[in-house]
Amino acid sequence: MQYRFCSRQYRLRERVDMNSERWERPIGVFDSGIGGISVLRELRALMPNENFIFYGDSRHAPYGTKSLEEVRRLSCADAAYLKALGIKALVVACNTATSAAIRILREKYADMPVIGIEPALKPAVQLSEYPRVLVLATPMTLREEKFQALMQAHHKEADIIPLPCPGLVEYVERGETEGPALERFLVELFAEYMEHPVDCVVLGCTHYPFVRGAIQKVLGAHVKILDGGKGTARETKRQLRERALLNLSQEKGRVVLLNSLESENLRMLGYRLLNAKKEEKI
Ligand code: DGL
């Protein structure tokens, strides 16, 4: 396995062997930053023999507070970068980029599976009779049509409370996934829901699973916390199988981590996040 955060020229020399069978090629995964590694963990757990190239655009994170046009432009650039590396499928491991650009990316890359992620509202509303569900996501994800339609589809089954969390992504990008400053930020963000508790929290941003422990601590052990990583991994596998693109190798696959920022700290952080178990402190 290799972990690389390297220069653009170097990265381009790392192209995949274009003569290899299509099913042998890597799956490309991108996010606005390192949060998408939470999805990569699920993808690897489900398909350990697949090869992955993860690209985090930390230089431009966060996406969730930018304009729709800007996020579309950045998402298209991220996808084009991975496509040029010879990937067989694309996973948009970012709720924000999915809301802004999934349709455009699917049209552009009709020749390969393009899988997005959305807040795990469906399993959340099934947890109990009319549960109170808090959906945490970026302002853009909650504002866009995709989430609005999802909420509309389930509004009779649960009390759904969307809560934009600007500022939370930055904690994860800094590697600050626990500690008093983060907890103070969360206490302020959740003040209302500590007084009027919710049954379930949906992590509608791929950065948030890395602060799951802190969220649980602030909201209490009784609150169920869900994210969309596993569902996205299952859907990716389904689509690969459907198109006969599953990797048939018996060997463990390779993972290459790339980032638009060249920073040793980020490289180490990416490695830690990738290997941390969900329950583990990182
Ligand atoms: N990780 C991303 C998501 O799932 C976006 C965070 C951001 O860049 O604002 O929404």
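Start at 1 and go down the list; that is how both ligands and their atoms are numbered. These values consider heavy atoms only, across backbone and side chains, with no hydrogens, waters or symmetry-generated copies.
The nearest protein atom to atom 7 (C) of ligand 1, hydrogens excluded, is given as Tyr63 N, 3.3 Å; this is a heavy-atom distance. For atom 2 (C) of ligand 1, the closest heavy atom belonging to the protein is Cys94 SG, 3.2 Å.
No donor-acceptor pair under 3.5 Å is formed between the side chain of Glu50 and the backbone N or O of Gly253.
By the 4.0 Å heavy-atom criterion, Gly35 is excluded from the residues contacting ligand 1. Not a single heavy atom of Ala61 sits under 4.0 Å from any atom of ligand 1.
A salt bridge between Arg73 and Glu70 is present, with a side-chain N of the basic residue lying under 4.0 Å from a carboxylate O of the acidic one. Ion pairing between a basic and an acidic side chain is recognised when a charged N comes within 4.0 Å of a carboxylate O; Arg132 and Asp199 show no such pairing. One finds a salt bridge joining Lys83 and Asp111 here, because a Lys/Arg side-chain nitrogen approaches an Asp/Glu carboxylate oxygen to under 4.0 Å. Under the 4.0 Å criterion applied to side-chain N and carboxylate O atoms, Lys146 and Glu144 are not assigned as salt-bridge partners. Arg59 has no carboxylate O lying under 4.0 Å from a charged side-chain N of Glu262, or vice versa, which leaves the two without a salt bridge. Using a cut-off of 4.0 Å between Lys/Arg side-chain N and Asp/Glu carboxylate O, Glu178 and Arg212 are scored as not salt-bridged.
Between Phe54 and Phe30, the ring centre distance reaches or exceeds 6.0 Å.
Among the atoms of Thr141, none of the N or O lies under 3.5 angstrom from an N or O of ligand 1. In terms of N/O distances under 3.5 Å, ligand 1 is approached by Ser32. Looking at ligand 1, you won't find any N or O of Thr65 less than 3.5 Å from one of its N or O atoms. Checking only distances, Gly64 does come within under 3.5 Å of ligand 1, N or O to N or O.
Short contacts between ligand 1 and Thr96, defined as distances under 4.0 Å to a heavy atom of the residue, involve ligand atoms 3 (C), 5 (C), 10 (O). Atoms of ligand 1 lying under 4.0 Å from at least one heavy atom of Val169, given by number and element, are 6 (C), 7 (C), 9 (O). Using a 4.0 Å cut-off to heavy atoms of Asp31, the atoms of ligand 1 that qualify are 1 (N), 2 (C). Listed by number with element, the atoms of ligand 1 under 4.0 Å from a non-hydrogen atom of Thr138 are 6 (C), 9 (O), 10 (O).
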